[in-house]
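See below for the structure under consideration.
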Amino acid sequence: MNGARIFVESLKKEGVDTLFCYTGGAVISIFDELHKHGEGIRLIQPRHEQGGTHAADGYARSTGKPGVVLVTSGPGATNTITGIATAYMDSTPLVVITGQVSTDKIGTDAFQESDVTGITLPITKANFLVKDVNDLAITIKRAFYLATTGRPGPVVIDIPGDVQKQDCKFNYPDDPGLTSYRPKESGHPKQIKTTAKMLSKATKPLILAGGGVNLSQANDELNKFLNKYKIPVATTLMGHGINPEDERLFCGFVGMHGTLYANYAIQNADLIIAIGVRFSDRITGDVSVFAKNAKLIHVDIDPAEIGKNIPVDLPIVGPAKSVLMELNGADIKGDYSAWVKEIDDYRKKNPLVYEKTGTLKPQYLVELASKIFPEDTIVATDVGQNQMWVGQYYRFRHPRTFLTSGGLGTMGFGLPAAIGAAVGNPDRQVLMFSGDGGFQMNMQELNTIRKYNLKVKMIIMDNSYLGMVRQWQELLFEKRYSGTDMGDNPDFIKLAEVFGIKAVRLGRPEDAERVINELAACETSMLVHAVIDPNENVLPMVPAGKPLDKVITKF
């Protein structure tokens with residue numbers, strides 16, 4: 001069996017049903033084998049390799065299965081770099097297969113040659129250059145195993161053209177043979193017992209849930225824990241999806257644009273249990289006074305994250321799901337009702353608010369969508385103000401329903417991620433929020449929606465600016481709006497119609513409820529071009545590097 005056929009059969013062994021792929025000379029042999037023997041594998045062809053990689057990312061985040069990408073060598077491979085880096089920063093399981101020039105041409109600057117393994121080394125969990133067809137099957141096995149276990153992440157396999165044509169006996173291994181790679185399967189029992197003792201002594205505990213809770217599929221265990229012990233919870237941007245029975249326990253998300261009451265809870269807690277959190281700068285603000293009154297317990301599958309940015313009092317290395325299962329069976333005695341009331345009283349005095357004028361407010365659009373769309377709707381955002389407004393005003397009640405680029409902050413992520421979610425979840429609503437700037441970075445993927453008859457609902461929040469940068473210019477640079485004016489935007493309605501997608505313009509707040517209801521009820525893809533107030537800012541805001549309690553609530 002030749003290498004190209006081995007590749008196809010290996011994907012089948014891994015249960016791959018969807019391949020986001022763009023052909024080219026260095027992978028033509030693989031595409032030929034997919035044509036002949038690829039039954040059961042759906043090929044999704046984007047209009048750009050970056051879009052395809054983001055789509056695979058959205059597919060992975062929303063389904064829990066690894067996203068798989070196949071592209072050609074040279075520019076095909078380098079076009080995936082932003083998508084790989086996005087997945088790496090947010091711990092998304094991807095397997096990206098790139099074609100390569102033949103082994104005898106490597107290092108000669110051959111046509112469409114690039115050092116893929118060298119380029120992707122800092123942004124992958126692992127990468128491989130396969131120089132012998134006998135190593136291909138075991139390499140694919142290892143790639144999927146590494147991408148999906150422990151802390152998930154992207155893995156790259158670079159396959160030269162001559163390896164694809166070489167023959168060998170196909171034997172797909174059961175074991176990846178990675179004896180030195182042993183992800184932790186549970187937290188240390190002694191540390192979990194210590195956690196229970198610390199909780200019993202605490203009067204103001206707080207759970208800080210990050211993206212690792214979603215990745216570990218630990219939402220049910222966390223909600224059980226919250227409901228059992230009545231402990232308030234805040235999330236990072238990536239941690240959305242927590243749904244305790246008592247809504248007062250949920251504080252929203254923390255950090256630069258977090259709710260005032262979530263940041264208040266962080267700064268006034270006496271014990272914080274952080275689960276699957278990276279403690280990025282957008283969350284912590286001034287690290288010297290972050291959670292200044294609290295003992296800190298950090299639960300994470302990756303020991304490298306513990307203590308990296310914030311000192312911890314008790315580390316627990318292990319999957320969030322198993323650690324929470326153990327905590328749910330622990331003997332914890334504590335009454336935190338006074339603390340919950342304190343946060344609730346603070347919330348009532350300091351709610352999320354925006355000025356309701358006669359212009360169309362983006363916060364209002366997000367609130368409407370959150371009320372009108374089904375609870376299990378998968379929401380993808382781009383990056384910038386639209387992302388923060390969704391993080392603040394959309395209430396997520398299920399895991400894997402919020403897809404956003406949290407770590408790298410990749411503009412252009414929203415549309416293709418929504419496409420990947422629609423491919424992986426054809427029976428669920430998929431809703432995209434994007435700004436006018438980010439949408440244009442991958443708007444060619446509208447044709448992917450048309451080609452595969454996907455159902456994606458889209459809201460473009462058009463303020464004719466690169467809004468988040470404009471906001472910083474207003475605050476810090478005396479309103480010198482350099483490089484942020486997007487007043488020459490195209491007609492998004494006509495653009496959508498070119499691709500056969502229904503589109504409507506929304507400019508008046510009194511029309512918003514009718515239009516969002518129409519969007520939710522539409523049986524096909526639909527785009528809403530929402531012309532929002534260009535002066536609207538994301539508030540509250542903690543300036544970079546400032547303490548979480550030094551908040552700007554009005555410009």
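Since the model is a prediction, treat every value here as computed from it, not as a measurement.
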More than 12 heavy atoms of other residues, nucleotides or ligands under 6.0 Å from [atom1] of [X]: is that the case?
{"X": "Gln45", "atom1": "CD", "answer": "yes"}
{"X": "Lys13", "atom1": "NZ", "answer": "no"}
{"X": "Met325", "atom1": "CE", "answer": "no"}
{"X": "Asp104", "atom1": "CG", "answer": "yes"}
{"X": "Lys455", "atom1": "NZ", "answer": "yes"}
{"X": "Lys12", "atom1": "NZ", "answer": "yes"}

Answer with yes or no whether the side chains of Thr404 and Thr381 bring together a donor and an acceptor at under 3.5 Å. yes
Does the side chain of Phe413 reach to within under 4.5 Å of the side chain of Thr82, using non-hydrogen atoms? no
What class does the angle between the rings of Phe250 and His240 fall in, given that below 30° is parallel, 30 to 60° is tilted and above 60° is perpendicular? tilted
Indicate the ring-plane relationship of Phe396 and Phe402, choosing parallel, tilted or perpendicular according to the 30° and 60° boundaries. tilted
Apply side chain to side chain contact (heavy atoms under 4.5 Å, CB included) to Ser29 and list each qualifying residue two or more places apart in sequence or on a separate chain. Ala4, Gln164, Lys165
Residues two or more places apart in sequence or in another chain: which of them pass side chain to side chain contact (heavy atoms under 4.5 Å, CB included) with Pro75? Thr78, Gln112
Which residues pass the side chain to side chain donor-acceptor pair (under 3.5 Å) test with Arg42, sequence neighbours left out? none
